[in-house]
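Numbering starts at 1 and runs along the sequence shown.
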Amino acid sequence: MSEIAVAPWSVVERLLLAAGAGPAKLQEAVQVAGLDAVADAIVDELVVRCDPLSLDESVRIGLEITSGAQLVRRTVELDHAGLRLAAVAEAAAVLRFDAVDLLEGLFGPVDGRRHNSREVRWSDSMTQFSPDQGLAGAQRLLAFRNRVSTAVHAVLAAAATRRADLGALAVRYGSDKWADLHWYTEHYEHHFSRFQDAPVRVLEIGIGGYHAPELGGASLRMWQRYFRRGLVYGLDIFEKAGNEGHRVRKLRGDQSDAEFLEDMAGKIGPFDIVIDDGSHVNDHVKKSFQSLFPHVRPGGLYVIEDLQTAYWPGYGGRDGEPAAQRTSIDMLKELIDGLHYQERESRCGTEPSYTERNVAALHFYHNLVFVEKGLNAEPAAPGFVPRQALGVEDG
């Protein structure tokens, strides 16, 4: 079993949780974390949310974050590569925000209050023009003003309270969950939309890129943008390099190692969502579900992708007569039976298994299933309901 060490998310997790609890709690969280650490977390989030711009030159924008009498400054730079922290403080425009107001925009509920603390100050270079500069000078000034306005809009849009379209994010980050290999995102949006505005904890098995350490991570970036208040873990059997964002953590481990999975889940769970996009080997899929489903919160979802491998012998699948619990599909069929254990005479008088008691629903799509965690406690049909169709005699 591999040992797993997980760096804490102390500041950003505190802010994520407080942003849904009202301004007073959020102000308290800002004071506990310290305004410098809060400003760093804000810049990290803007880096994640700001898309690349069609600019022929980079533009620096100043940020002033205030909390009462306190003020901290950061400068960011924007261009075709997106947004990043700048090494030079001089900026073409300065945006000032109240920390609580901005954090509610970044991490608070989408249907919450609208914010009005924003101030914009333009540098003198935005207005300096002399007729002596002629038409060419005027054109240069207009082009500069357009670049700065584009950058300011991009920062404000990244800081705005808004929901993201998952299909667009899949294309943006190069995830194969939409259009390339699969048509999964429409189903994900259907089931995940209720989590999009919540401080969720998400685990995805399989980072992508196989053994290449620098490849993969597209879906992790996508989930980070989609779950705007979420913390995202990616698990892969190969070592994965690179930083996908400040709300993403990469872990290395074997999804077929039950002891490792239990240890990992005990340290970083419970989860609101688990997605198995790992090896797709049937035995691995089953072991992962058996180990991790108990660590999904009630009301959460366990998702298994690429169920086609249940029919492919190369992954331990089969395309023939049923064989008890050989494939992932066999396991899921058993969960369907378990969902109705109260009605089965063979289960009468016996204690339900963990999954019989805690699988509330299953939603199947082509090569994809969502297993919903919840108490399966609806009683069996009452005794006076006939167990035999009327007019049908035992033969």
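- Across R201 and I268, no two heavy atoms sit closer than the pair CD-O, 2.9 Å.
- Using a 4.0 Å cut-off between charged nitrogen and carboxylate oxygen, K287 and D254 do not count as a salt-bridge pair.
- In E351, the CD atom is not crowded: 12 or fewer heavy atoms of neighbouring residues, nucleotides or ligands sit closer than 6.0 Å.
- Y233 has its ring centre less than 6.0 Å from the ring centre of W9.
- At most 12 heavy atoms of other shown residues, nucleotides or ligands fall within 6.0 angstrom of atom CD in E378.
- A ring-centre distance under 6.0 Å is not found for H182 and Y188.
- Ring geometry, W312 versus Y315: the interplanar angle falls from 30° to 60°, so the pair is classed tilted.
- A361 meets the side-chain contact (heavy atoms from CB on, under 4.5 Å) test with H363, E372; sequence neighbours excluded.
- Ion pairing of R118 with D101 is absent here, as no side-chain N (NZ or NE/NH1/NH2) approaches a carboxylate O to less than 4.0 Å.
- Residues meeting the salt bridge (Lys or Arg N to Asp or Glu O under 4.0 Å) test with R60, sequence neighbours left out: none.
- Residues P294 and F289 come closest through the heavy atom pair CD-O, 4.1 Å.
- Within 6.0 Å of OH on Y210 lie no more than 12 heavy atoms contributed by other residues, nucleotides or ligands.
- Taking CG from L83 and CG from L53, the interatomic distance works out to 8.5 Å, rounded to the nearest 0.5 Å.
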With side-chain contact (heavy atoms from CB on, under 4.5 Å) as the criterion, how do N358 and V296 come out once you've worked through the C-alpha distance, each side chain's angles and the decisive distance to 0.1 Å? CA-CA 10 Å; N358 290 284; V296 175; over 6 Å; no
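- The side-chain contact (heavy atoms from CB on, under 4.5 Å) test applied to V43 returns V47, L63, R74, V76, L85, not counting sequence neighbours.
- The aromatic rings of Y302 and F293 stand perpendicular to each other, their planes meeting at an angle above 60°, with 30° marking the opposite boundary.
- You'll find the side chain of H191 stays beyond 4.5 Å of the side chain of V303, heavy atoms only.
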